[in-house]
Amino acid sequence: MFATVAQLGPHAGREVTLRGWLYNLRSKGRIHFLLLRDGTGTCQCVVFAGDVTPEVFDTAGRLDQECSLEVTGQVREDARSPGGFELQVTALQVLGASADYPITKKEHGTDFLLRNRHLWVRSRLQHALLRIRAEVIAASQEWLNAQGFVRFDTPILTPCSAEGTTNLFSTSYFDLGPAYLAQTGQLYVEAGMMAFGKVYCFGPTFRAEKSKTRRHLTEFWMIEPEMAFADHEENLRVQESFLSAVVARVLDRRKEDLLTLSRDTAALERVTPPFPRITYDRAIELLNEHATELTDAMPPRWGEDLGAPHEVLLSRLHDKPLFVTHYPAAIKAFYMQPEPSRPEVARCADLLAPDGYGEVIGGSERIHDADLLERRIREHGLRVEDYGWYLDLRRYGTVIHSGFGMGIERAVAWIAGVHHIRETIPFPRMLDKIYP
RNA sequence: UCCCCGAUAGCUCAAUGGUAGAGCAUGCGGCUGUUAACCGCAGGGUUGUAGGUUCGAGUCCUACUCGGGGAGCCA
């Protein structure tokens, strides 16, 4: 009877067959200890010389790391096995050999591990991390679904730049000229919002930026909710509830993986609404007050965007994710609603994760007035004719609306507590790196 | 695009300008409870590329290539 490592408990005392890969082998004279992983967990399988034929015992002692195996034996409770149950082996069959597996038990360099990413994902820490990623994605979608949001998929191939100036990957689209890989689904999701009230899109987005930092990928996944009749305040409330719910679910269901990654879960327990909020104006003041703590950076002047060192410092002054609201309109996207009493700032917010993980969510109230939106498109040097359909959304039953986008990888990096974003996606795409 | 650091065995790293080393991995041998097990033996190298300085260069100098860290931009 086949079993999985995670479900061994009910089989205690009985004989089962596990199928998986050899994580590690330790031999001690007349005993071999096989660590078998099957994706659900890792189980220590013990081969005693007296329990099996000499041929099987010899085979067990020569197994290669990561060979695939079927192992049959009796399930026994034993604290010395990682999952609390071990298998006393009676039979064993190699399914696929694994000579010279490159990733060994000692340390490796980043470049080597990324070149072997297709194998690296089998390793313990990577396995825990990617499980957390899957949980973040599932939690995000299921929370939104439960709140009445409808998933509304947006195109990846797009005819023009959604936000203008940033670098896009381009390809040729038959004889219709260039097409671009989407850097956001936001404009399209606004069309969906007017059909369904509350929608979100979820998929890969692409930025051809020459960014070489621990927070950047050229291909990353983003979940972008958009809500009709929601203003800036409502937008922030949804964001803090959403992110808190995602964190709570990871704590509930993937605590073991967080511990595998040595994540301080107490810091995650604090992630509950409301989140602290400061305006951009206040952020500038704070940065000037703490200027001496800024290494290799000056406090920004009003009108300049916040840099990575600034975001790190601001987030360190708070023990929860931090909203920075009302950035100067001039440094934000063209579609953001100006604050009525101060049109030089936008009704927007960046949500900064603690510990220097940077902006995990960016959002805003959108301009709902057709004339203002058209003016902004022109002011940003964009072609109005490219945005005909987008302007239509304001011509046919416009409403106040808001939305935001969360970068999955940044959220996962912060929640899991891993330093570099490249490990939070199975196959990272970075500047100068596209293999495997 | 800019700044800093690096490149030596399959992998991770040592080596005052003076004979190229270790751990892991691999192969062989030993050990009845190991937790990246341990112990013994063995094989494994055009020191990133091209020039230069020197009696002598892994080590110093120049250029290039590749990689790592950071910045800008952004999620």
Distance check needed: B:rG10 P versus A:Leu119 CG, whole Å only. 18 Å

What integer number of Å spans the C1' atoms of B:rC11 and B:rG45? 15 Å

For a quick check, with a 4.0 angstrom heavy-atom cut-off, what is the B/S/- contact string for nucleotides 66-72 of chain B, read 5' to 3'? -SSBBBB

Take atom P in B:rA9 and the same atom in B:rU59, then report the distance between them in whole Å. 14 Å

Determine the interatomic distance between P on B:rC28 and the same-named atom on B:rA14; round to the nearest Å. 32 Å

What are the two closest non-hydrogen atoms of A:Gln183 and A:Met222, and how far apart are they? O-CE, 3.8 Å

Between B:rG48 and B:rG72 - C1' atom distance, rounded Å: 30 Å

Within the pair A:Arg62 and B:rC28, is there a side-chain N or O less than 4.0 Å away from OP1 or OP2? yes

A:Phe57 CZ to B:rG30 C1', straight-line distance once rounded to whole Å: 12 Å

Under a 4.0 Å N-O cut-off, is there an ion pair linking A:Asp153 with A:Arg151? yes

Which base, if any, makes a Watson-Crick or G-U wobble pair with B:rA20, both distances under 3.5 Å? none

Just the rounded figure in Å: distance from P of B:rA25 to CZ of A:Arg26. 12 Å

Scan A:Leu18, A:Val46, A:Leu63 and name whichever one has a side-chain contact (heavy atoms from CB on, under 4.5 Å) with A:Leu34. A:Leu63

Rounded interatomic separation in angstrom, taking CD1 from A:Ile408 and P from B:rC74: 21 Å

Can you list, by residue number, the residues of residues 69-95 of chain A that have a non-hydrogen atom closer than 4.0 angstrom to RNA chain B? A:Arg76, A:Asp78, A:Arg80, A:Glu86

Mind checking who B:rU35 pairs with, Watson-Crick or G-U wobble, both distances under 3.5 Å? none

Would you call the rings of A:Phe323 and A:Phe275 parallel, tilted or perpendicular, where under 30° means parallel and over 60° means perpendicular? tilted

Counting only Watson-Crick pairs (N1-N3 plus N6-O4 or O6-N4) and G-U wobbles (N1-O2, O6-N3), all under 3.5 Å, who is the partner of B:rU65? B:rA7

For a side-chain hydrogen bond (donor to acceptor under 3.5 Å, both in side chains) with A:Tyr335, tell me which candidate from A:Arg376, A:His368, A:Gln186 qualifies. A:Gln186

Partner of B:rU54 under the Watson-Crick or G-U wobble criteria, both distances under 3.5 Å, comes out as none

Would you kindly say whether A:Asp305 and A:Tyr327 are connected by a side-chain donor-acceptor distance under 3.5 Å? no

Return yes if a side-chain donor-acceptor contact under 3.5 Å exists between A:His108 and A:Thr104, otherwise no. yes

Tell me which nucleotide, if any, is Watson-Crick or G-U wobble paired with B:rA71 when both distances must be under 3.5 Å. B:rU1

For A:Asp350, report the nucleic acid contact type (base, sugar-phosphate, nothing); a contact means any heavy atom under 4.0 Å. nothing

Hey, do the aromatic rings of A:Tyr188 and A:Phe152 have their centres closer than 6.0 Å? no

Please determine which of A:Arg347, A:Glu344, A:Glu365 meets the side-chain contact (heavy atoms from CB on, under 4.5 Å) test together with A:Glu339. A:Arg347

For A:Glu107, answer base if it contacts any base atom (sugar-phosphate contacts may also be present), sugar-phosphate if it contacts only those atoms, and nothing otherwise; contact means non-hydrogen atoms under 4.0 Å. base

Once you round it to whole Å, what is the distance between P of B:rA7 and NE2 of A:His108? 19 Å

Roughly, in whole Å, what's the span from CD1 in A:Ile103 to C1' in B:rG10? 13 Å

So which nucleotide does B:rG44 pair with, by the Watson-Crick or G-U wobble rule with both distances under 3.5 Å? none

Can you check the A:Gln65 CD to B:rA25 P distance for me, whole Å? 8 Å

Would you kindly say whether A:Glu234 and A:Ser402 are connected by a side-chain donor-acceptor distance under 3.5 Å? no

NZ or CZ of A:Arg429 within 45° of A:Phe206 ring axis and under 6.0 Å: no

Please give the distance between the P atoms of B:rU65 and B:rG10 as a whole number of Å. 25 Å

In whole Å, what separates the C1' atom of B:rA57 from that of B:rU46? 15 Å

Start with the C-alpha gap between A:Leu322 and A:Leu314, add the side-chain angles, then the distance that decides, and say whether side chain to side chain contact (heavy atoms under 4.5 Å, CB included) holds. CA-CA 8 Å; A:Leu322 170 70; A:Leu314 289 172; 4.0 Å; yes

Heavy-atom nearest nucleotide on RNA chain B for A:Ser27 versus A:Phe112: which residue maps closer to 5'? A:Phe112

Rounded to whole angstrom units, what separation is found between the CE atom of A:Met336 and the P atom of B:rC74? 10 Å

Between A:Glu293 and A:Arg316, is the closest basic N to carboxylate O distance under 4.0 Å? no

How about A:Phe334 and A:Tyr387: are their ring centres within less than 6.0 Å of each other? yes

A:Lys28 vs B:rG33: side-chain N/O to OP1/OP2 distance below 4.0 Å: yes

Scan residues 30-54 of chain A against RNA chain B and write down, sorted by residue number, each residue with any heavy atom closer than 4.0 Å; if none is found, say none. A:Arg30, A:Ile31, A:Phe33, A:Gln44, A:Phe48

Roughly how far apart, to the nearest Å, are B:rG58 and B:rC13 at atom C1'? 14 Å

Distance check, P atoms only: B:rC61 and B:rG18, in whole angstrom units. 15 Å

